Structure formats: C-alpha cells, structure tokens
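Below is one structure, written out as structure tokens; the observations come after it.
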Amino acid sequence: MTDAPKHLVLSRHGTLAGREVGRLAYGCWRLPGTPQEELAGKIDAALEVNANIIDTAAVYGAGEAERMLGVLISERPALRDAIVIVTKGGITPPVPYDSTKRHLIASCEDSLRRLNCEQVEVFLIHRPDFLSAPAEAAEALTELVESGKVRSVGVSNYTLEQTRALQAFLDVPVAVTQPEFSAMHTVPLDDGTLDYAQSASILPMAWSPLAGGPLATGRVPDRADLRAAGLVAVLDRIADDNGSTRECVALAWLLAHPAGVVPIIGTQSPERIRVAAGAFDIKMSRRDWYEILEASRGAPMP
Ligand SMILES: NC(=O)c1ccc[n+]([C@@H]2O[C@H](COP(=O)([O-])OP(=O)(O)OC[C@H]3O[C@@H](n4cnc5c(N)ncnc54)[C@H](OP(=O)(O)O)[C@@H]3O)[C@@H](O)[C@H]2O)c1
C-alpha cells in the first residue's frame with residue numbers, strides 16, 4: 001500500500017467556455033463608486049495571479065461595474081482576449097426578479113453594449129425567478145448561445161432542483177453554478193450543489209469566499225458569535241503553520257474541494273489580490289480541512 005499524500009492537492013488550472021482559466025476569479029460587485037483609473041491595476045493584479053475569470057453582473061451598480069470594465073476594454077482591446085467574462089442578468093430591482101425570455105435576452109444585450117463586447121464567455125441567471133417557467137428561461141439561454149452572444153450559460157443562487165429543472169429544457173449544458181460558499185457559509189457542501197456540479201461537469205464559482213471580509217479581517221459579524229471566533233482561531237493556527245495569512249487558508253479550504261471550486265475574490269486592493277494567490281501554497285491536511293468545517297459548524301463531525 002502506498003502512503004496517502006500528506007496534503008490536499010490544490011490544482012491551479014481549469015477550463016471554462018473552451019478557455020483555460022485559473023482557479024481564482026476576480027469579482028466586480030464592489031467596483032461601482034471606485035475610481036475608473038484604478039481598475040486597470042486591479043485587473044492587472046488579477047491576471048498576474050492567473051485570476052483571468054472576471055465576474056460581473058448587470059445589477060452591480062445598476063450597470064456601472066460593466067460600464068467600467070467596458071471602458072477599460074475599449075482603452076486596451078488586447079485585454080479582451082486575456083480575460084474570461086462571466087456576467088449575469090435577471091435581477092430587476094425592485095420587482096425583484098425576471099427570467100422571462102424577453103428580459104433575459106434584453107439584459108444580456110444591454111450587458112454586451114456596456115462591456116463593449118460582441119460576446120461574453122458565460123451568462124448566468126443571477127437568482128431564481130419563481131414566476132418564470134424553467135422552459136422559458138431555458139429558451140432564452142439557448143437562443144443567446146445560438147445567436148453567438150454568449151459562449152455558455154449557467155445559474156447563480158439556484159438550488160440543485162432548480163438547476164436540474166432548467167437543464168431539462170436547455171439544448172446546451174449548464175456550465176457554471178455560482179452559490180455563496182465560504183468556510184463561514186458551508187451550505188453547498190450539504191445541499192447537493194457540489195455533488196451535482198461534479199456529476200454534470202458544472203464549474204462551481206464561490207461568491208463571497210471570505211464571507212465578505214470577516215474571514216480576512218477576523219472581525220466576525222457578531223462579537224458574541226463564538227462559533228465564528230473559533231473558526232478564525234483555526235484558520236489562524238493553519239496560517240501560522242504555513243507562515244501565511246488567514247484569508248489564504250480560507251481560500252485554500254475552498255480550492256481543496258474536489259468539485260474544482262473557483263473562489264471569486266472581491267477586494268479592491270491590487271496588493272490583496274496578489275496575496276490571495278498564496279492560497280495555492282497552503283499545505284492543508286485532511287484533518288486541517290475537517291477542523292475548519294467543525295469549527296464553522298461548532299461541532300465535531302458525527
Ligand atoms: N452571484 C451572486 O449572487 C453574488 C453575490 C455576491 C457576490 N458575488 C460575486 O462575488 C464576488 C466577491 O464577493 P465579495 O466581495 O463579498 O468577496 P470576499 O472576497 O468574500 O469579500 C471582499 C471584502 O473583503 C474585504 N477584504 C478582503 N481581504 C481583506 C483583507 N486582507 N483585509 C481586510 N479586508 C479584506 C474587502 O475589502 P477591501 O476591498 O478593502 O480589501 C471586501 O470588502 C463579487 O465581486 C461578485 O463578483 C456574487
């Protein structure tokens with residue numbers, strides 16, 4: 001019998017929409033309100049660490065995030081081929097959701113205009129719309145692929161059953177699922193999202209991988225939340241063992257899952273984007289990984 005590897009393997013590459021991609025993505029949700037002239041430094045830092053998937057959405061800043069990215073692409077056309085764009089439609093404040101065929105197609109066309117692109121690699125339905133039949137949403141997505149406006153399609157914040165229902169009517173495969181997933185929010189481990197992703201070759205992208213900040217700052221939302229404090233302590237212990245940072249450990253925890261999860265980092269600091277790449281250097285044992293999960297749940301595994 002050969003010895004089991006001491007550390008979990010963190011692969012650095014994947015594929016999406018026919019493109020080679022890195023295992024970290026850069027997210028544009030927090031861009032609106034930041035200076036346009038600082039965007040190039042953030043995207044360059046992301047590309048430096050091979051975070052070439054750029055995640056955005058029509059609703060981020062009511063189109064502002066896409067507009068900012070579009071300005072950068074028109075200033076630097078070569079950038080278009082260096083990045084893989086994931087955008088989303090279907091959130092319509094204050095309604096709040098609309099996945100009718102008419103709306104999804106119009107939303108995608110508006111996104112392309114703002115992004116100064118003829119095609120995006122991936123278009124996601126941002127959140128499930130309970131009033132739109134999956135057959136109708138699927139018709140919109142199929143048409144977007146057939147018209148060449150998008151290379152591939154996917155979903156965000158969908159349950160496994162919602163994804164399955166959409167797939168049943170789609171002529172193309174669901175390529176991406178984008179749930180909230182972090183060491184603090186571990187639902188996708190248990191609700192079938194990551195299992196189905198593996199069985200159907202869907203790329204899972206984790207939004208708010210640092211829980212929106214607390215897993216980097218260590219400042220847990222509620223000071224009385226001992227469970228979160230315990231989680232931060234475990235992340236810090238593993239970070240110390242590796243001479244690294246707690247956010248790198250939190251990202252490595254996601255990268256270690258066999259579904260090939262792509263964490264979408266959301267910092268506005270180019271330096272922090274570079275630091276995040278240290279996640280790939282974390283040596284995490286199977287026991288470390290489960291210790292993080294146990295701390296997150298506040299209980300040992302059964
Ligand atoms: N599909 C969806 O429904 C959905 C929902 C939410 C988000 N998303 C996507 O996921 C992306 C990432 O979400 P997120 O921004 O919440 O991700 P995140 O990486 O979990 O959180 C980013 C926040 O953490 C802070 N932070 C990161 N490193 C830090 C450090 N070392 N010290 C102090 N603060 C630190 C950042 O502040 P600084 O900027 O100051 O570093 C920023 O405010 C979004 O941009 C978006 O693309 C998707």
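Everything quoted here is computed from the prediction, not taken from an experiment. We count ligands from 1, going down the list as the structure has it; atoms in each ligand are counted the same way.
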Exercise. Which is it for Ala211 and ligand 1 at heavy atoms under 4.0 Å: side chain, backbone, both or neither?
Worked result: backbone
Exercise. Among Leu124, Val262, Val21, which one satisfies side-chain contact (heavy atoms from CB on, under 4.5 Å) with Val86?
Worked result: Leu124
For this session: Could you tell me whether Ser208 approaches ligand 1 through its side chain, its backbone, both or neither, with non-hydrogen atoms closer than 4.0 Å?
Result: both
Exercise. For Leu210, is at least one N or O under 3.5 Å away from an N or O on ligand 1?
Worked result: yes
Exercise. Between the candidates Asp55, Leu251, Val275, which shows the shortest non-hydrogen contact distance to atom 47 (O) of ligand 1?
Worked result: Asp55
Seminar exercise, completed: Short version for Thr56: what comes under 4.0 Å of ligand 1, heavy atoms counted, is neither
Exercise. Do the two ring centres, one from Trp253 and one from Phe181, sit under 6.0 Å apart?
Worked result: yes
For this session: Examine the proximity of ligand 1 to Pro209 and report which part, side chain or backbone, both or neither, has a heavy atom under 4.0 Å away.
Result: both
Seminar exercise, completed: Logged contact type for Arg272 with ligand 1, heavy-atom cut-off 4.0 Å, is side chain
Seminar exercise, completed: Under 4.0 Å between heavy atoms, the region of Glu180 that gets near ligand 1 turns out to be neither
Problem set entry | ring-ring contact (aromatic ring centres under 6.0 Å, His included) against Tyr26, all qualifying residues, sequence neighbours excluded | none
For this session: Record the part of Thr217 in heavy-atom contact with ligand 1 below 4.0 Å; permitted values are side chain, backbone, both and neither.
Result: side chain
For this session: List the atom of Ala137, the atom of Leu166, and the distance in Å for their closest heavy-atom pair.
Result: CB-CD1, 3.9 Å
Problem set entry | Residue list, salt bridge (Lys or Arg N to Asp or Glu O under 4.0 Å) with Glu161, at least two apart or on another chain | Arg164
Exercise. Less than 6.0 Å separating the ring centroids of Tyr60 and His126?
Worked result: yes
For this session: Please indicate whether Arg286 has more than 12 foreign heavy atoms, meaning atoms of other residues, nucleotides or ligands, lying under 6.0 Å from its CZ.
Result: no
